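What follows is a set of notes on a single structure, which appears directly below.
Source: prediction; values computed, not measured. Just so we're on the same page: letters track the sequence lines, and every chain starts at 1.
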Amino acid sequence: MINITFPDGAVRQYEAGVTAMDIAKSISEGLARKVLAAKFNGQVTDASRPITTDGTLQLLTWTDTEGKSTMWHSSAHLMAEALEELYPGTKFGIGPAIENGFYYDIDLGGRAISDEDLEKIGAKMADLAKKNNVYERKEVSKADAIKYFTEKSDEYKLELINDLQDGTISFYTQGNFTDLCRGPHIPNTGFIKAIKLTNIAGAYWRGNEKNKMLTRIYGITFPTQKELDEYLTLVEEAKKRDHRKLGKELELFTFSEKVGLGLPLWLPKGALLRERLQSFLQKAQIESGYMPVVTPHIGNKNLYITSGHYEKYGKDSFQPITTPEEGEEFMLKPMNCPHHCEIYKSSPKSYKDLPVRFAEFGTVYRYEQHGELHGLTRVRGFTQDDAHLFCRPDQVKEEFCKVIDLVLYVFKSLNFTDYTAQISLRDKEDRAKYIGSEENWNLAEQAIIESAAEKGLRTVVEYGEAAFYGPKLDFMVKDALGRKWQLGTIQVDYNLPERFELEYVGADNQKHRPVMIHRAPFGSLERFIAVLIEHCGGKFPLWLTPTQVKILPISDKNQAYAEKVAELLKNAEIRAEIDDRNEKIGKKIRETELAKIPYMLVLGEKEAAEDKVAVRRQAKGDLGAMEISQFIELVKDEVTSRRPFE
RNA sequence: GCUGUUGUAGCUCAGGGGUAGAGCACUUCCUUGGUAAGGAAGAGGUCGUGAGUUCAAUUCUCAUCAACAGCUCCA
């Protein structure tokens, strides 16, 4: 007999060789019908594998992340089976589960596949799923594995097997399809009830662009049709919130082929929004002791040779601009830090002067690959809410804490409540690739870990993710639909102070090297606004929204009163517009609602006579009539408290 | 940069070897209407660009540019 411990701490005895599925059945039939896989002593395995030793067991169902990924992995096999039936001779690369579903990379031998084919493949999968075929595991020798795939002439699988140790190789078979696979898998195909193949894309074999491009088919499956429908609804919702679509609809920004790829043009409404965000942060920064600086859009190539960026990223920059007479080369600045280093150097610094904090909304230009450009999140010209703090090594932690405070203040003000902080530290083994002394690195890494803990951040630590010049802390924000984005970043840097020979005079009258901290709470205004648009679905908080109030006169007889109200709002610094078109009130309301403008004032004879305004709130409806002064108070209160839209 | 898909009016999209259509937006007129679309008329397009096939190309072919999806990259 063996002892099995359950997640709730309960211990039960079973005969050795029992399977997780047997155990599930011993608890309840209902549970057994839901078990997709098992986690034994922390390892995810097939529910059908015999358990021979004591250990802890967790039964995985659809509600567990590992349960989902097991099902999706099995779905990839099911898709492969369908593909093999429909297109004999298809060769298979890899077919893993991903965050939302699964994919399989396949080689169709030159045959093209279209979106209509996806329907066909999906239907075939559904047919096969109904057979309730069991996913059967078989350990095979390397020689047998090679033999099997040589007969199938699948060079991709052969390449994978080549990298595997004999004795660790397993095959899984369901129906007529056998695949090289570590597993685990769900008990049988019958668990897959709802299937949607989402899209086709090219993908390099093993992610290497020198290799052959395979066809990648993405899909997702669910245990019920209802869950699939819900997922599809969510995807639809995400499409509606796409910042590229909303940016166009709300007239925030545009792109022009003639101006150039990845170079956003900010329309008046977008520019206004951007400026508000900028002045909001500017104010907070000045209160936190930052000093604004301004630097030009270009810098001598030598600046970037000194900083090391030319060597490392020269090919990702725009080509240098050459002066006609002297032939000097200037580059569009890909970053602001070298300029700020030179500002630091413009006067001698004492240890008493530190820290100094230079802030600039600096527009930078980087040559991003064509295929990388994406709306406002990936562009070739963007404005960083950049600042560089120069401090003594003993000040790193305090400064770091202050920066975290600022970032959190920004997030809170914009209603980003769901974020995690990623701490990126050195590779544990390979330390040669990092610049700076062991002592300073330890100090900085410690400072980051401690400040994050002190501020109560939810953190993930990633070793080997640090930049070569220092450790960093990145803020990953989730938008309203749960998609993750990297926004704010705080980075410690030992490299640039070294390269620019930055110094300060210490209490000991000796020269010392300051530590530099790069930080950007938004990251870039472009990306931040993109995320903000998607986060709030285009319904910006009142303090940011371009037009706060739309004044809707019922007819042109009420025009004069509308203008009077507009004047009063303007004096109160409320952004209001009059819709004086010769249209019916219903139409004006409809259009204002669709434009997501928070407040509407419907003005007719009645309001003019009583000196009141009839207030309507977007998506909420009529709030009734009130005094103009009362409405102004209402708006001002919502603005100062930075309340979210709803 | 690579692979695939797409490119028709300001926007969303239909069409198709004989030089184009809808809805919304726009202009003018009528209408003065009380909380999500009042009516009529009008204007607007070298069908992304360049070449080829054809008596004839916006439609077919090729190239090119751009957008989208993914891959690779990201100070």
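Listed nucleotides: B:rU35, B:rA36, B:rG70. Nearest to the side chain of A:V602: B:rU35. The side chain of A:N199 approaches B:rA69 more closely than any other nucleotide in the set B:rA69, B:rC74, B:rA37. Of all nucleotides listed (B:rA36, B:rA75, B:rA25), B:rA25 comes nearest to the side chain of A:K587. Of the listed nucleotides (B:rA75, B:rA36, B:rA69), B:rA75 has the atom at the smallest distance from the side chain of A:Y469. Counting only heavy atoms from C-beta on, A:Y218 has its side chain closest to B:rC71 among B:rC71, B:rC73, B:rU32. The side chain of A:L594 has B:rA36 as its nearest neighbour among B:rA36, B:rU32, B:rG34. Counting only heavy atoms from C-beta on, A:D316 has its side chain closest to B:rA75 among B:rA36, B:rG34, B:rA75.
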For a quick check, with a 4.0 angstrom heavy-atom cut-off, what is the B/S/- contact string for nucleotides 45-50 of chain B, read 5' to 3'? ------
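For A:R527 (side chain) and A:Q486 (main-chain N/O), a donor-acceptor pair under 3.5 Å exists by modelled atom type. Checked by atom type and distance alone, the side chain of A:D107 never pairs as donor or acceptor with a backbone atom of A:G93 at under 3.5 Å. Panel note: side chain A:H309, backbone A:P334; no donor-acceptor pair is recorded below 3.5 Å. Under a 3.5 Å cut-off, the side chain of A:R357 and the backbone N or O of A:L389 do not form any donor-acceptor pair.
If you take OH of A:Y367 and P of B:rC74, they are 16 Å apart, rounded to a whole angstrom. Across the protein-nucleic acid pair, A:D579 atom CG and B:rA37 atom C1' stand 13 Å apart, rounded to whole Å.
A:I585 comes within 4.0 angstrom of sugar-phosphate atoms only, judged by non-hydrogen atoms across all strands, and of no base. Counting any heavy atom pair closer than 4.0 Å across all strands shown, A:E251 reaches no nucleic acid atom. The residue A:G604 sits close to a base: some heavy atom pair falls under 4.0 Å.
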At a cut-off of 3.5 Å, list every protein nitrogen or oxygen paired with a nitrogen or oxygen from nucleotides 26-30 of chain B, distance to 0.1 Å.
none

Please enumerate all protein N or O atoms sitting under 3.5 Å from an N or O of nucleotides 64-68 of chain B, with distances to 0.1 Å.
unit_1: B:rA66; atom_1: O2'; unit_2: A:E257; atom_2: OE2; d: 3.4
unit_1: B:rA67; atom_1: OP2; unit_2: A:H370; atom_2: NE2; d: 2.9
unit_1: B:rC68; atom_1: OP1; unit_2: A:R244; atom_2: NH1; d: 3.2

Between the protein and nucleotides 8-14 of chain B, are there any N/O to N/O pairs under 3.5 Å, and if so, what are the atom names and distances?
unit_1: B:rU12; atom_1: OP1; unit_2: A:K248; atom_2: NZ; d: 3.4

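Neither side chain, A:S424 nor A:E462, offers a donor N or O lying under 3.5 Å from an acceptor on the other. In the model, A:Q491 has a side-chain atom that pairs as donor or acceptor with a side-chain atom of A:T489 under 3.5 Å.
For the salt bridge (Lys or Arg N to Asp or Glu O under 4.0 Å) condition, the pairs that include at least one residue of residues 589-602 of chain A, sequence neighbours left out, are A:R581-A:E591, A:E593-A:R616.
With hydrogens and angles ignored, no donor-acceptor pair under 3.5 angstrom links the side chain of A:E368 to the base of B:rG1. A donor-acceptor contact under 3.5 angstrom links the side-chain atoms of A:Y204 to the base of B:rG1. A donor N or O paired with an acceptor N or O is not found under 3.5 Å between the base of B:rA69 and the side-chain atoms of A:R216.
Note that A:R617 lies in the cation-pi zone of A:Y599, set by a 6.0 Å cut-off to the ring centre and a 45° limit from the axis. Both the sub-6.0 Å distance and the 45° axial angle are satisfied by A:R380 relative to the ring of A:Y367.
Nearest approach of A:Y218 to A:A201, heavy atoms of both residues: CE1-CB, 4.3 Å. Minimum heavy-atom separation, A:M79 to A:L197: SD-CD2, 3.6 Å.
Base pairing analysis places B:rG21 opposite B:rC13; the two distances defining the Watson-Crick or G-U wobble pair are each below 3.5 Å. Remark: B:rG52 base-pairs with B:rC60. Criterion, Watson-Crick or G-U wobble with two distances under 3.5 Å. Within the shown strands, B:rU28 is the pairing partner of B:rA40 under the Watson-Crick or G-U definition, both distances less than 3.5 Å. Using Watson-Crick or G-U wobble geometry with both donor-acceptor distances under 3.5 Å, B:rG70 finds its partner in B:rC2.
Aromatic ring pairs are classed by plane angle as parallel below 30°, tilted from 30° to 60° and perpendicular above 60°; the pair A:F255 and A:F253 is perpendicular.
Expressed to the nearest 0.5 Å, how far CD of A:E360 lies from OG1 of A:T295 amounts to 3.5 Å. Interatomic distance, NZ of A:K620 versus CZ of A:F645, reported as 7.5 Å (0.5 Å rounding).
In this model, the phosphate group of B:rU35 is not approached by any side-chain N or O of A:K550 to a distance below 4.0 Å at OP1 or OP2.
For the P atoms, the distance from B:rA40 to B:rU12 is 26 Å, rounded to whole Å.
When the ring pair (Phe, Tyr, Trp, His ring centres under 6.0 Å) test is applied to A:Y469, the partners found at least two apart in sequence or on another chain are A:H518.
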